[in-house]
Amino acid sequence: MSVTLADVAARAGVSAATVSRVLNGNYPVAGATRHRVLRAVEELEYVVNGPASALAAATSDLVGVLVNDIADPFFGIMAGAVQSEIGPPAQTGGGARPVPLKLAIVCNTGGSSERELTYLTLLQRQRAAAVVLTGGAVEDSSHTAALATRLRRLEAAGSRVVLCGRPPLAAGEEGPHPLTVTFDNRGGARRLTEHLLSLGHRRLGYLAGPANRTTTRHRLEGHRVAMAAAGLADDAERLTVHGAYDRASGYDGALELLRREPGLTAILAANDTVALGVCAALRDQGLSIPGDVSVTGFDDLPFAVDAMPALTTVRLPLTEAGARAGRLALGREDAPPGGVATFRGDLMVRDSTAPPRTSGGA
């Protein structure tokens, strides 16, 4: 016979209403009482009827986390940080409001805008307590309109929506107005380019991500601002190649840049994974790094420091951003001013960049 709420109440020596308050986290309960209830839940192996609770309440215990590719460390780190904030309840003192247990559902979109919309619809049907969308947004007016409609429905149903790693959603007075945790991609890319220019490089190639992504546009804009300030705007346009955020695109893109400019002395990659492909292509062409060509990445993923040579890159605080998004999704942290929190990336100068070998590159 299954364990009931009344059984838990009897074991803990409290009322069924108190047990409900502890499990739902919707009312302050003394720390000692809360501890007795949770111990009784564990001893009796009591399991809340999720669907029934969701029907009785405005939302369920689900939190959806949308990622482009969970195998990509960029998304894996953020998703893990979000989940760390919505997992087991934190220990609280007497009288403090307990943090209710939530279940994170990671939804892998594969970069598909249609799949993103489908997941949002499914999460609305499941009465998700919150939804966190990670990574850059697709720049397409029809998709943006459809996305706004889905987010309005989620907010109307009581779900909290947080954007993490993407810019704020432009919306009218009708909304939606999701809280946003974003990165200063423009500033990071500008600082990377300025670093190479300060070393004496003038023949710089740029490997950008997919053309229809906000992250791609912002990083490319930062690069071109620095190039224009150095009087190299025309070269910045000519020596830009778009591709996916993967190693293969880095390899092929590096070969294309060398075809366009054989005297290239530096390549800036869209991210660290693309930079690995760049390094492989340069080695296969008999070129040394950074002796012949300097290489930079972006994000400072865990493998960047162990690359050969270690990558100069921009470190984005992925863990901090994901954790903050998780807290905002649960309402455990006050909204940032204007609803937007921006994280700045730090320039990490390592062995993959150096001054150009000859004056011909300056």
Side-chain angles (χ1 to χ4, degrees), residues 54 57-70 74-75 78-79 81-83 85-86 100 102-183 185 210 212-218 318 321-343:
T59 59
S60 70
D61 289 328
L62 298 181
V63 174
V65 183
L66 274 65
V67 301
N68 282 0
D69 181 6
I70 194 61
F74 178 90
F75 295 101
M78 283 196 293
V82 171
Q83 188 168 10
E85 293 293 331
I86 65 177
K102 300 293 182 184
L103 175 64
I105 302 295
V106 177
C107 307
N108 202 79
T109 69
S112 167
S113 55
E114 292 81 7
R115 195 173 298 171
E116 180 178 74
L117 297 176
T118 299
Y119 278 132
L120 291 175
T121 299
L122 292 173
L123 288 168
Q124 181 193 349
R125 291 176 184 173
Q126 295 298 318
R127 303 187 183 192
V131 176
V132 179
L133 292 87
T134 67
V138 174
E139 295 195 304
D140 175 81
S141 58
S142 60
H143 175 68
T144 300
L147 177 63
T149 298
R150 300 300 196 285
L151 298 186
R152 274 196 298 272
R153 291 173 182 169
L154 281 163
E155 289 185 344
S159 301
R160 284 193 177 92
V161 178
V162 180
L163 308 181
C164 182
R166 65 170 66 187
L169 183 67
E173 292 184 2
E174 74 280 6
H177 302 105
L179 299 177
T180 302
V181 178
T182 190
F183 300 119
N185 283 304
N212 65 338
R213 292 278 174 176
T214 54
T215 299
T216 297
R217 178 169 60 84
H218 293 167
L318 301 176
R324 188 166 189 183
R327 293 192 297 272
L328 290 170
L330 289 188
R332 292 173 50 199
E333 181 175 313
D334 292 339
V340 180
T342 301
F343 283 83

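Note: hydrogens, waters and symmetry copies are ignored here, and every other heavy atom, side chains too, is used.
- Arg150 contributes atom CZ, which lies 7.0 Å from atom OG1 of Thr118 (distance to the nearest 0.5 angstrom).
- Every side-chain hydrogen bond (donor to acceptor under 3.5 Å, both in side chains) that Arg217 has, sequence neighbours left out, goes to Glu139, Glu221.
- Here the closest non-hydrogen pair linking Gly326 and Ile86 is O-CG2, 4.0 Å.
- Separation of atoms CG (Leu123) and SG (Cys107) is listed at 4.5 Å; rounding is to 0.5 Å.
- Side-chain contact between Gln83 and Val65 is absent, with no heavy atoms from C-beta onward closer than 4.5 Å.
- The shortest non-hydrogen separation linking Cys164 to Met78 is SG-SD, 3.7 Å.
- Checking side-chain atoms of Thr216 against main-chain N and O of Asn212 turns up no donor-acceptor pair under 3.5 Å.
- Across every non-hydrogen atom of Gly135 and Phe74, the tightest pair is CA-CE2, 4.4 Å.
- The side chain to side chain contact (heavy atoms under 4.5 Å, CB included) test with Val131 is passed by exactly one of Leu163, Leu154, Ile105: Leu154.
- Atom CD of Glu116 is separated from atom OG1 of Thr109 by 6.0 Å, given to the nearest 0.5 angstrom.
- Closest non-hydrogen pair, Leu328 versus Ala335, comes out as CD2-CA, 4.1 Å.
- No option in Val67, Thr134, Val63 other than Val67 meets the side chain to side chain contact (heavy atoms under 4.5 Å, CB included) test with Val106.
- Side chains of Val162 and Val82 form no contact here, defined as non-hydrogen atoms less than 4.5 Å apart.
- Distance check: Leu66 CG to Leu133 CG gives 5.0 Å after rounding to the nearest 0.5 Å.
- A heavy-atom distance below 4.5 Å is not found between the side chains of Asn185 and Thr214.
- For Thr144, the side-chain hydrogen bond (donor to acceptor under 3.5 Å, both in side chains) criterion is met by no residue, not counting sequence neighbours.
- Remark: Lys102 NZ to Glu85 CD distance equals 14.5 Å, nearest 0.5 Å.
- A pairwise comparison of heavy atoms in Leu179 and Pro336 identifies CD2-CD, 4.5 Å as the closest pair.
- Side chains of Arg153 and Leu120 form no contact here, defined as non-hydrogen atoms less than 4.5 Å apart.
- Every residue two or more places apart in sequence or in another chain that forms a salt bridge (Lys or Arg N to Asp or Glu O under 4.0 Å) with Glu333 is listed here: Arg324, Arg327.
- For the side chain to side chain contact (heavy atoms under 4.5 Å, CB included) test with Leu169, the passing option among Thr180, Leu147, Val161 is Leu147; the others fail.
- Here the OG1 atom belonging to Thr215 is positioned 8.5 Å from the CG atom belonging to Asn68, to the nearest 0.5 angstrom.
- Here the shortest heavy-atom pairing between Ala323 and Ala81 reads N-CB, 3.5 Å.
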